[in-house]
Asker: 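Sharing a structure here in structure tokens format.
Within every chain, numbering begins at 1; the chains are lettered A, B, ... in the order of the sequence lines, protein sequences first and strands thereafter.
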Amino acid sequence: MPKDSGTKVVTRFAPSPTGYLHIGGARTALFNWAYARRHGGTFILRVEDTDVARSTSRSSWQIVQDMLWLGLDWDKGPLSHPSNPDADEFVSSQPPENQRYFQSRRGDLYIEYLERLRKGGHVYRCFKTPEQLKAEREAARAAKSPEKYDPTESLSRSEADQQRLIDAKKPFVWRFRMPEADVTVNDLVLGDVTIKREELEDFVIMRSSVDGQPGLPMFHFANVVDDADMSVTHVLRAQEHLMNTPKHVAMFDALGIARPAYAHMPLIFNPDGTKMSKRDKAKTARAAAQDWIKKNGGKAEALLAKIVNHNEVRKSTLAGLGMTQPALDLFLAKKSDDANLAGFIAGALGIALPEIDVKDFRDNGYLKDVLLNYVSLLGWSPKGDVERFDLDFLRDNFDFSGIGKSNAKFDRAKLLAFNGDRIAKMPREEFEKHLADRLNAPGTEHVNLRAKLGQDPAKISLLAAAYQLRAKTLNDPLKAAAFLGEPDDAIKAKDEKTRKVLVDNDGAALQMLTRLAECLKAVEPWDPPSIHTAMEKFAAELGKPIGEIAQPLRVAITGTTVSPPIDLTLALLGKESTLTRIRHAG
RNA sequence: GGCCCCGUCGUCUAGUCCGGUCUAGGACACCAGGUUUUCAUCCUGGUAACACGGGUUCGAAUCCCGUCGGGGUCACCA
């Protein structure tokens, strides 16, 4: 039971806007959402953008988009659709009351709380420069003594002395004075965790600024002040924050405000045990790029040319998107991990980048329900053997007692299996809609297929029928059906083994196909049942199993030995193309 | 390195709090067989784990200690 079962549950998701929503962040958001919803509480979305160097308005917008897509609605937070649609103006175009959910816009509050701490004697000024502190840490490390901040100097400075330094425009930070006692955190997942006083040090809560006024608050302080100010009752976050929690509860105690309940959940890693970070995309793209350059003359310029060519746009257009030779060189030299560049490289080289952000999974054809379902299984499990469930189930069953303690590895194969399963089970119309949306999405990726299938609902319907049981992602059908969009006279067997299906037996298969073409010419209407009937009849006349007819035909029209059932494939291709492709086979 | 958290099939996990019902269950992956015009779907079956060592107990995956292993954290980042 929550410690204060009488009061309303308030949870929050507090991302820092440095990019799209990370998959781990999505799980945190999901659990906080579920807990608030289950208990009829309030779910707050609060943007922690006190690090001005890394935070951007666009990222805040992106995170909001991801939350919307996932269907995680919040009761308090930014307006999801402010009057100004420009992502770069997302924060500034929020109404004042919504701007309160961006930490960068509520500085007055931190000053107020700082004053409270100051009156209680819980904070002090520290005039040491970052360089000084760094040197002290290094000296301590060299001497193998604990690298702990020593408050003696700052604490012993008289008020007059401090004023003198302030008047001299010396920058200073405010530090929080840790109490002289061990701190125990009562974690809802981990149990009681006690940290000894000697392990705790006084930490900066307000950055410096030159004018003698306090600067922006640090994460620990802003986080606590906001949780206090917003009456957050339950803080559910990743285990990487566990060692921060003693600092946080000490501040709550100093403020005389009841602590929220804390619950730290296990971390999510790549299968190889490394962190799932945005960098993984850059790493993958860089490796592929370097490999390609090595095999193609060793010039990075050639890669840029290939990227320009692939995107069928002018070089200047790409440069506007940050794709320039200097940027590329920086990227290749590991001096930058730009995600856009990684995307361009992957597109041009035809490689897949690891999905890390919610956006990646969305783009790659994962269903939001599946993503939420899978990610919630990483670190949480419902009672019984239930494993496939929807958001409603999670909302009705989520509890801290189901959260595990050990870290998990993200298994894409399982996610993929869940996704394919959900696709197979969705209503056909829904699948058709997904396919149409993706086929008609802006971009050059599916131009040929789009041209072939056009806006014809009947064709989309056939495509859906052909691929629903074969698709693991919503993108799979479009990739697998790409052969449909190729020029009819350019279909070639993809390798020697495949070609043999066509040309073995002294060309008997080819002769057979020529006769089959005659037969197909008469098929009307050109739909799967009619095609099927015609082929069965043809096979019967030849006294052969239909497989011996279908397989050479498949190679002739697709260039491979794999496709959906042959009647569906032919119907999708169209009569003209089918006959042309048979004519050019061999 | 200090401190903190964790350690059940390859992976995610159930079981651990309240020792016996656990010859350890499920899912994904893998393997084999069946259905099928290819692929896929579908069906059936199978391989596979309590990190190690002590202790407590009639009895330990479950309790205690130690070892080993993994992770987190040690900023004017969050």
Asker: Near RNA chain B, which residues from residues 543-551 of chain A have a heavy atom under 4.0 Å away?
Answerer: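 Those residues are A:Ile546, A:Gly547, A:Ala550, A:Gln551.
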
Asker: Among A:Glu199, A:Glu201, A:Arg197, which residue meets the side chain to side chain contact (heavy atoms under 4.5 Å, CB included) test with A:Met178?
Answerer: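 By the side chain to side chain contact (heavy atoms under 4.5 Å, CB included) criterion, A:Met178 pairs with just one of A:Glu199, A:Glu201, A:Arg197: A:Arg197.
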
Asker: Under 4.0 Å, heavy atoms only, any strand: does A:Pro266 hit a base, just the sugar-phosphate, or nothing?
Answerer: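 Nothing, no nucleic acid heavy atom in range.
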
Asker: Please report whether the ring centroid of A:His248 lies less than 6.0 Å from that of A:Phe219.
Answerer: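 Yes, ring centres under 6.0 Å apart.
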
Asker: Which nucleotide, in any strand shown, forms a Watson-Crick or G-U wobble pair with B:C52, with both distances under 3.5 Å?
Answerer: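 When the pairing criteria are applied, B:G66 turns out to be the nucleotide that pairs with B:C52.
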
Asker: A:Arg100: what forms a side-chain contact (heavy atoms from CB on, under 4.5 Å) with it, not counting sequence neighbours?
Answerer: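 With sequence neighbours excluded, A:Arg100 shows a side-chain contact (heavy atoms from CB on, under 4.5 Å) to A:Arg106, A:Asp108, A:Leu109, given in chain and number order.
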
Asker: Identify, residue by residue, the members of residues 414-427 of chain A with a heavy atom below 4.0 Å from RNA chain B, and return them in order of residue number, or none.
Answerer: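 Those residues whose heavy atoms fall under 4.0 Å from RNA chain B, taken from residues 414-427 of chain A in numerical order, are A:Lys414, A:Ala417, A:Phe418.
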
Asker: What's the gap between B:G10 and B:C30 when it is taken at their P atoms, as a whole Å value?
Answerer: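 Looking at atom P only, B:G10 and B:C30 are 15 Å apart.
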
Asker: Starting at atom CG of A:Asp411, determine the distance to atom C1' of B:G10, rounded to an integer number of angstrom.
Answerer: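 Between C1' of B:G10 and CG of A:Asp411: 9 Å.
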
Asker: Could you identify the nucleotide paired to B:C30, looking across every strand shown and requiring Watson-Crick or G-U wobble geometry with both distances under 3.5 Å?
Answerer: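 Checking every strand shown, B:C30 finds its partner in B:G46, with both distances under 3.5 Å.
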
Asker: Quick one, give me the B/S/- string for nucleotides 68-78 of chain B, reading 5' to 3', where B means a protein heavy atom under 4.0 Å from the base and S means that only happens at the primed atoms, P, OP1 or OP2.
Answerer: ---SBS-SBBB

Asker: For RNA chain B, which residues in residues 370-389 of chain A have a heavy atom at a distance below 4.0 Å?
Answerer: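 Contacts with RNA chain B under 4.0 Å: A:Leu377, A:Leu378, A:Gly379, A:Ser381, A:Lys383, A:Asp385, A:Glu387, A:Arg388.
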
Asker: Quick test: give all pairs of protein nitrogen or oxygen and nucleotides 45-53 of chain B nitrogen or oxygen below 3.5 Å, distance rounded to 0.1 Å.
Answerer:
none

